[in-house]
Amino acid sequence: MLGILAATMASLGWGTDAVLARQGLRQIPPALGTCLSLCAGLVGCLILIFIIDPGGLAHYPRAGFAWFAMVGVINFLVGRQCNYNATKRLGATRAVSLFACSPLISIFLAVLFTGETIHPLQLLGVALIVGGVVLVVTS
Amino acid sequence: MSHPRQSERMGYLIAFGAAAAYGINAVLTRRGLAHYGSPLRAIVIALTSGVVVLAPFAVRAYRAQGDGWKPERRALLFILFSGLSAILGYGANVLALSLLPVVVVAPISATYPLVTVFLVRLFLRGHEEVSLRMALGAVCVVTGVILVTLFR
C-alpha cells in the first residue's frame, strides 16, 4: 500500500512541478529557475539526510560518488534545463506530454545494451506514445 | 519564418532533449543503485553536482537581465515549490521502486501528464488553453507508457 501511495505521489509531484515551473518561468529565465529549483530540492534532501542518515555520505564509495555526479549532470544540466526551456516555449501541457516519451529511450537502450526483447503489446504502446505526441504537437 | 514558430519548433527539439536525458538517466540510476545502493545519498550527490554545474549558467542568466533586476517574490516562490515538487516526485518514485516491482510503479507514476493537464485546467485557465486534441494526446501518451512498462 505504501508503494502504491508513493508511486501516486511521484505522479502528483511531477505533474505539479510542470505547472508551478510554468508560472515561475514567466518572469525568471530558465537557467536561473533550474538552478534555484535544484537548490530548493537540495536543501530539502539535506535536511532529510541529516535526520535519517547522518554521516552516511562519508561512507559512500568514491565510485558511487562519481557515478551519481554523472547522473546529476545528465539529469539536471541537460534534462531539467531542457525541461524548463521547453516548458517556457511550449507551455506545461505540451512539454510534459513530450517528456513522457522518455521510457522509449530507456527501452531502446535496454534492447541495445542489455539484450531485452519487445512484447507485441509494447509495440502498441510505442505506437500510442508516438500518436499521442503527434496529437499534442499538431494541436 | 516567423519568430514564434521558430521558437516553438526549438521548444519541441528541446523537449525531446529532456526526454532523452531522462530516459538515459533512468537506466544509469537503476544501474548505479544496484551497485552502490542508498537512494537518498544518491539523490543528494546528483543534486549537488547538478547545482554545481548549473551555477555558472544561472549567474550568466541573472547578469543578462541587467543591473538592478530582481525576480518577483511570487515567481521565485513558484520556482522554489516547483523544485520541491520535482524532488518529491523523484524521491517518491525511488521509494515506490524499493517497495514494489517496476511493472506496478511505472504505470502509476507515468500518469503525471494527466495530473498536469488537470492542474492546468484548474489553475492556468486564463494563461494556457488545453484543447480536446491536446488532452486526447496526453491520454494516448500515458496509455502507451502504461502498455510499454507493463509488458516489459
Side-chain angles (χ1 to χ4, degrees), chain A residues 3 6-7 9-11 13-21 23-24 27-29 31-33 35-38 40-42 45 64 67-69 71-72 75-79 82-83 85-86 89-91 95-102 105-106 109 119 121-122 125 128-129 132 135-136 139, chain B residues 11 14-15 17-23 25-28 32 36 42 44-47 49-51 53-54 57-58 61 71-72 75 78-83 85-89 92-93 95-96 99-100 105 108-109 111-113 115-116 119 128 131 133-134 137-138 140-141 144 147-148 151:
Chain A
M9 287 303 292
S11 174
W14 286 330
T16 310
D17 165 41
V19 180
L20 293 172
Q23 290 291 70
Q27 205 248 339
I28 296 176
L32 183 58
C35 197
L36 287 173
S37 75
L38 280 189
L42 181 59
C45 283
W67 186 271
F68 283 107
V71 167
N75 195 56
F76 299 115
L77 179 66
V78 184
C82 285
N83 176 332
N85 261 296
R89 286 167 189 260
L90 301 176
V96 89
S97 298
L98 294 171
F99 303 152
C101 295
S102 63
I105 314 286
S106 301
L109 291 175
H119 189 280
L121 280 170
Q122 276 184 304
L128 273 172
I129 291 169
L135 269 179
V136 172
S139 64
Chain B
I14 294 170
Y22 292 146
N25 185 59
V27 177
L28 291 178
Y36 310 112
V44 169
I45 295 164
L47 271 173
S49 83
V51 169
V53 295
L54 273 169
F57 294 96
E72 286 170 13
F78 273 122
I79 289 294
L80 295 180
F81 279 107
S82 140
S85 296
I87 292 306
L88 172 74
N93 195 48
L95 174 66
L99 296 169
L100 292 170
V105 176
I108 299 169
S109 58
T111 57
Y112 74 95
V115 175
T116 302
L119 291 175
E128 192 178 317
S131 64
R133 200 181 163 92
M134 210 183 271
C140 282
V141 167
L147 282 176
V148 161
F151 293 93

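Because the structure is predicted, anything quoted here is derived from the model rather than measured.
Using modelled atom types, no side-chain atom of A:Ser37 and backbone atom of B:Gly83 make a donor-acceptor pair closer than 3.5 Å. In this structure, A:Gln27 contributes its side chain and B:Pro71 its backbone to no donor-acceptor pair below 3.5 Å.
Separating the CG atom in A:Leu38 from the CD1 atom in B:Ile87 is a distance of 7.0 Å, to the nearest 0.5 Å.
When the candidates B:Gly17, B:Ala20, B:Ala86, B:Ala138 are compared by the number of heavy-atom contacts under 4.5 Å with chain A, B:Ala86 comes out ahead. Interface summary for chain A: among B:Val53, B:Val51, B:Leu88, B:Val141, the most heavy-atom pairs under 4.5 angstrom belong to B:Val141. Ranked by heavy-atom pairs shorter than 4.5 Å toward chain A, the options B:Ala19, B:Ala61, B:Gly50, B:Ala21 are led by B:Ala19.
Scanning all heavy atoms of the two residues, the minimum distance from B:Ser85 to A:Leu20 falls at OG-CD1, 3.5 Å.
Proximity to chain B (any heavy atom under 4.5 Å) is shown, for A:Trp14, by both the backbone and the side chain. Using a 4.5 Å cut-off between heavy atoms, B:Ile14 contacts chain A through both its backbone and its side chain.
Put simply, the side chain of A:Ile28 does not reach to within 4.5 Å of the side chain of B:Phe78, judged on heavy atoms. Side-chain contact between B:Val44 and A:Phe68 is absent, with no heavy atoms from C-beta onward closer than 4.5 Å.
Remark: A:Asn85 pairs with no residue by the side chain to side chain donor-acceptor pair (under 3.5 Å) rule, at least two apart or across chains.
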